[in-house]
Amino acid sequence: MVDIATGLSMAAQAIGIAKDLREIDKGLDAGEFKAKMAELYSSLADVKMALADAQEELKARNQEIERLRASFAIKETTIKKDGFSMLAFEDGTPRGDPFCPVCEQKEGRLFHIAELSGGKSKCPNCQSEFGYVPRYLWQRG
């Protein structure tokens with residue numbers, strides 16, 4: 001596959017050929033003109049192929065990004081409790097540590113808030129600090 005930079009380089013080359021054709025001296029014979037036109041058509045065909053390859057590559061990368069996002073998406077039930085999103089048991093009762101509301105709102109990602117000494121808590125991702133946060137058992141029984 002051709003990368004985008006190569007495609008752009010090919011486009012620049014085709015533009016250069018087109019500029020050369022505009023500046024052709026009137027005395028240029030038909031054979032030289034036809035040769036320059038053939039070179040231009042060839043360059044434009046290369047550009048078209050490179051851009052088609054780049055489009056395919058971008059499509060494949062976007063599909064891979066979506067696949068990875070889906071694989072990282074939380075697959076468990078979450079609930080809201082005391083202003084925090086939390087995991088829940090099957091009956092809907094809260095389970096474990098809450099998720100950082102800052103990261104959830106800004107990034108759409110869920111990070112558990114870590115408990116620090118002195119009753120404070122902190123997000124390991126954005127470093128936001130919290131006073132009281134509700135904490136529940138991770139398992140029953």
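Residues S42 and D46 meet the side-chain proximity criterion, which asks for heavy atoms closer than 4.5 Å. Residues R95 and M86 form no side-chain contact, since every pair of their non-hydrogen atoms from C-beta on lies 4.5 Å or further apart. W138 places a side-chain heavy atom less than 4.5 Å from the side chain of L87. Contact annotation: the side chain of F130 approaches that of C100 to within less than 4.5 Å [non-hydrogen atoms, C-beta and beyond].
Annotation for S128 and C126: closest pair OG-SG, 3.0 Å, computed over non-hydrogen atoms. The two residues I113 and R135 come nearest to each other via the heavy atoms O-NH1, 3.2 Å. In this structure, L116 and K122 approach most closely via the heavy-atom pair CD1-CB, 3.5 Å.
Note: S121 OG to E115 CD = 5.5 Å, rounded to the nearest 0.5 Å. Between the CE atom of M49 and the CG atom of D53 there is a distance of 6.0 Å, given to the nearest 0.5 Å. Distance CG/L44 to NZ/K48: 10.5 Å, rounded to 0.5 Å. Note that NE2 of H112 is 12.5 Å distant from SG of C103, once rounded to the nearest 0.5 Å. Expressed to the nearest 0.5 Å, how far CD of Q13 lies from CG of L40 amounts to 10.0 Å.
Side-chain polar atoms of N125 and E107 form a donor-acceptor pair below 3.5 angstrom.
Heavy-atom neighbours of Q105 CD from other residues, nucleotides or ligands within 6.0 Å: at or below the threshold of 12. Atom CD of E64 is surrounded by more than 12 heavy atoms from other residues, nucleotides or ligands within 6.0 Å.
Using a cut-off of 4.0 Å between Lys/Arg side-chain N and Asp/Glu carboxylate O, K59 and E56 are scored as not salt-bridged.
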The test is side-chain contact (heavy atoms from CB on, under 4.5 Å); show your working for T78 and F99 and say whether it passes.
CA-CA 10 Å; T78 58; F99 294 110; 4.2 Å; yes
